[in-house]
Amino acid sequence: MRQPLRYPWLNLDVDDPSAPAIAVRVDVPETRAEVPAHRHRKGQLVFALGGGVTCHVPSGLWMVPPHCGVWIPGDMEHSNVATANARIFFVYIEPGAADLPDRCCTLSISPLLRELIIELSDGVEDDEARDGLLIRTLLTELPRMPVQQLHLPISSEPRLRRIAEALAQDPADRSTLAEWANRVALSESSLARLVVKETGLSFGRWRQQLHLIVAIRELTSGASVQQVSGDLGYGSVTAFITMFKKALGKPPAKYLGSITQNGGSAFVA
């Protein structure tokens, strides 16, 4: 069951034009929490310091593992789902205040930028000069962060979106391409071409990308490798670890360790 994700104070105006950047810290309770689909004028950085967040936008599913952030441009509809016990930050940035992409993307977060976000979100000191310096530094550093590829491309094509939503609900579904094609009233070859056209990936690689996103999300929220392997429908833990290592170059434990140590430098190729 998902609970609504609540801000630490009630009268927050994220689109306040007088603030070039606003940082908010949100601690998630022991159950998953969600911000339903919405939009705002300012762009938003969703940053996870602990646990994970999944962002849904019209073009795809974006994963926010610890020490990475997802950039969502202003006026783009999106929703956020956070894992239980996550520690997340939302940074709202005035349009034109920083040279940031006009598309949704995953960014590595350096230790310096992480500390800037934490300091701004705490808001302990009422020091305009200090806050102004922190904001200027944040707006300088954020555009310099490397772009990573932790997302599942999804188009507005209704048949493909139907498959994506079904797999997101039940990632253990091992239906073949032919079986999915039958469900959406296409031939197997037509569905294969459609997936490549809309996502740039084969159906098998596209589904594997979903498995990687779900696996990273669940592992960062505390699930065991054994549990995640079963939830994704793998016949053995070894098979899951082999898939993970082949895709990311490292087994799950080492991959997650590299995210923590390097500030989010690991990525899904």
Side-chain angles (χ1 to χ4, degrees), residues 32 48 51-56 59-68 70 81 83-84 86 105-106 108 146-155 160-181 183-184 188-189 191-262 264-269:
R32 290 189 180 187
V53 186
T54 302
C55 300
H56 295 256
S59 61
L61 184 69
W62 296 81
M63 171 67 197
V64 193
H67 307 284
C68 283
V70 165
V81 179
T83 60
C105 58
T106 304
S108 293
V147 175
Q148 311 296 356
Q149 301 301 322
L150 283 165
H151 81 286
L152 180 74
I154 303 174
S155 75
L160 193 57
R161 183 165 286 273
R162 176 183 165 189
I163 295 172
E165 290 173 352
L167 285 172
Q169 288 293 322
D170 182 17
D173 188 334
R174 289 291 176 167
S175 298
T176 65
L177 178 62
E179 290 169 332
W180 281 114
R183 293 179 196 177
V184 297
E188 182 176 355
S189 58
L191 178 58
R193 287 194 298 270
L194 179 65
V195 174
V196 172
K197 175 186 175 183
E198 297 290 333
T199 72
L201 302 172
S202 68
F203 179 78
R205 184 66 184 85
W206 185 63
R207 179 161 57 183
Q208 183 188 76
Q209 185 81 343
L210 173 67
H211 284 177
L212 290 167
I213 290 172
V214 172
I216 294 171
R217 182 190 67 194
E218 296 305 314
L219 290 167
T220 55
S221 67
S224 67
V225 172
Q226 290 82 358
Q227 181 181 342
V228 173
S229 173
D231 290 345
L232 294 179
Y234 284 84
S236 68
V237 174
T238 300
F240 167 71
I241 293 175
T242 299
M243 179 280 296
F244 196 101
K245 184 176 180 180
K246 184 176 180 180
L248 302 180
K250 300 176 182 178
K254 288 187 177 180
Y255 176 83
L256 296 177
S258 69
I259 291 178
T260 302
Q261 294 168 8
N262 300 328
S265 63
F267 65 97
V268 175

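Predicted, not measured: the structure shown is a model, and the values here were computed from it.
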Original post:
Shortest non-hydrogen contact from Phe240 to Ser229?
Top reply: CB-OG, 3.6 Å
Original post:
Any idea which heavy atoms bring Glu188 and Ala178 closest together, and the distance?
Top reply: OE1-CB, 3.5 Å
Original post:
Taking all non-hydrogen atoms of both residues, which atom of Gln226 and which atom of Val237 are closest, and how far apart?
Top reply: CG-CG2, 3.8 Å
Subject >> Test log, rule side-chain contact (heavy atoms from CB on, under 4.5 Å), inputs Gln208 and Met243 >> reply: CA-CA 8 Å; Gln208 183 188 76; Met243 179 280 296; 3.4 Å; yes
Subject >> Taking every non-hydrogen atom, the tightest pair across Leu152 and Trp206 >> reply: CD1-O, 3.3 Å
**OP:** If the plane angle is over 60° it's perpendicular, under 30° parallel, otherwise tilted; pick one for Trp62 and His151.
**Re:** parallel
Original post:
Given side chains that start at C-beta, do those of Glu218 and Asp231 come closer than 4.5 Å, heavy atoms only?
Top reply: no
**OP:** Say whether, by atom type as modelled, one donor and one acceptor occur between the side chain of Trp180 and the main chain of Leu160 under 3.5 angstrom.
**Re:** no
Original post:
Looking at OG of Ser202 and CD of Gln209, how far apart are the two atoms once the value is rounded to the nearest 0.5 Å?
Top reply: 11.0 Å
**OP:** Kindly indicate whether the side chain of Val70, heavy atoms from C-beta on, has any atom under 4.5 Å from the side chain of Val53.
**Re:** no
**OP:** Apply side-chain contact (heavy atoms from CB on, under 4.5 Å) to the pair Ile163 and Val195, showing each step before the final yes or no.
**Re:** CA-CA 10 Å; Ile163 295 172; Val195 174; 5.8 Å; no
Original post:
Which value, rounded to the nearest 0.5 Å, describes the distance between Leu201 atom CG and Arg207 atom CZ?
Top reply: 13.5 Å
**OP:** Report yes if the side chains of Phe244 and Val225 come closer than 4.5 Å at any heavy-atom pair, otherwise no.
**Re:** no
**OP:** Over all heavy atoms of both residues, which pair between Glu179 and Arg174 is shortest? Give the atoms and the distance, please.
**Re:** OE1-O, 4.5 Å
**OP:** Might you point out which heavy atoms bring Leu232 and His211 nearest each other, and give the distance in Å?
**Re:** CD1-O, 3.6 Å
